[in-house]
Amino acid sequence: MPELPEVETVRRALALCLTGRRVVAVEGEAVRLRQPLDPAALAMSLVGRTMARFRRRGKYLLLDGDNHGSLLVHLGMSGRLTLDRRQQPLLPHTHLVLTLEDQRQLRYVDPRRFGLVEWLPAGSEAHHPTLAGLGPDPLDDDLVESLPPRLRCRRAPVKSLLLDQRLLAGVGNIYATEALWRAGIRPSRAASTISLARLRRLTVELQAVLAEAVTQGGTTLRDFASPSGDFGSFAVSLQAYGREGEPCRRCSRPLRRAVVGGRSSAWCPGCQR
DNA sequence: CCAGTATCCTGCAGGC
DNA sequence: TGCCTGCAGGATACTG
């Protein structure tokens, strides 16, 4: 589900609502996520901690508990963080509940269980196997210079590379599809066959679509919502994602569907080369 | 190292 | 109505 704009939307909402709040209880079920969830161990690390900062690395959220460490959260495909009053009923597939001193609860809900919740002791972040390998943030200023040469030396389909979190951390299927449509590049095109100028254009379009989506609170397709329950409104701005068979908004040809790197991709045969 | 595929899991839409 | 299939916003462990 959540890509950079959605995760950033969640981060901002948490920072607004939870900064300075103390965790008084942690409960959950020992369920199998990407890694097994251990609520008892998380309780040992988290109870008594004050939520100091809320950071994002790619699609990962880091909830800093004073100086003791951070709760690392990845939402996978179907993960959500919700902020509720204690007495509100739990949604199905609620795996972890942090109760705050004011009796509100931060809840982690994830039906498909592709997500991740893990405690990172202070100082361990730099050695974490996945975090350490993440590429730069797509919104970084120098990306237009740094990304194109890294793409140009690879023979894989350009879309697969945009989705590779070690190359670039935060882009998923929606925004990769949108950026390629905006840049007029076919998703299956081998990156090495695209000129540096067009790869720069792609990078510019990628940054633009991500920035616009952040200002819209992300894309709600089915069930994405910020922790306070707000839906993202960027879905109405999608030009390619999910529009297979519908006319291209630039050249009117019907969009096609292709599978690239195992992911569904909508693209226009008229204006994406 | 690189590219491509299979796999984890539930829910939902569509076809019959 | 119910059953079946395929597909879904992601990451990773494999294979060649």
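Each chain gets a letter, A, B and so on, in the order its sequence line appears, and its residues count up from 1.
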The side chain of A:Ala156 lies closest to which of these nucleotides: C:dA11, B:dA3, C:dA8?
B:dA3
Has [X] got a side-chain N or O lying under 4.0 Å from the OP1 or OP2 atom of [N]?
X	N	result
A:Ser264	C:dA8	yes
A:Arg154	B:dA3	yes
A:His93	B:dG11	yes
A:Lys59	C:dA11	yes
A:Arg34	C:dT12	yes
A:His74	C:dA11	yes
A:Tyr241	C:dG9	yes

Starting at the 5' end of DNA chain B, which residue's closest nucleotide do you reach first, A:Pro157 or A:Arg222?
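Counting from the 5' end, the first nearest nucleotide belongs to A:Pro157.
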Considering heavy-atom distances to DNA chain B, does A:Cys153 or A:Phe114 have its closest nucleotide positioned more toward the 5' end?
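By nearest-heavy-atom nucleotide position, the 5'-most residue is A:Cys153.
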Can you tell me the distance, in whole Å, between the [atom1] atom of [X] and the [atom2] atom of [N]?
X	N	atom1	atom2	result
A:Leu33	B:dT7	CG	C1'	16 Å
A:Arg80	B:dT10	CZ	P	18 Å
A:Glu6	C:dG10	CD	C1'	13 Å
A:Gln35	B:dC8	CD	P	17 Å
A:Asp164	B:dA3	CG	C1'	11 Å
A:Arg263	C:dG6	CZ	P	19 Å
A:Met77	C:dG10	CE	P	6 Å

Does A:Arg113 make a side-chain donor-acceptor contact with the base of B:dC9, cut-off 3.5 Å?
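Donor-acceptor pair under 3.5 Å: no.
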Only one of A:Tyr108, A:Tyr60, A:Phe114 forms a ring pair (Phe, Tyr, Trp, His ring centres under 6.0 Å) with A:His74, so which one is it?
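The single option meeting the ring pair (Phe, Tyr, Trp, His ring centres under 6.0 Å) with A:His74 is A:Tyr60.
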Same-atom distance (P) from B:dC9 to C:dC3, integer angstrom
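Between the two P atoms, the distance is 23 Å.
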With both distances under 3.5 Å as the test, what is the Watson-Crick or G-U wobble partner of B:dC9?
none
Name the pairing partner of C:dG9, where a pair is Watson-Crick or G-U wobble with both distances under 3.5 Å, or state none.
none
Please answer whether the main-chain N or O of A:Trp181 pairs with a side-chain N or O of A:Gln239 as donor and acceptor at a distance below 3.5 Å.
no
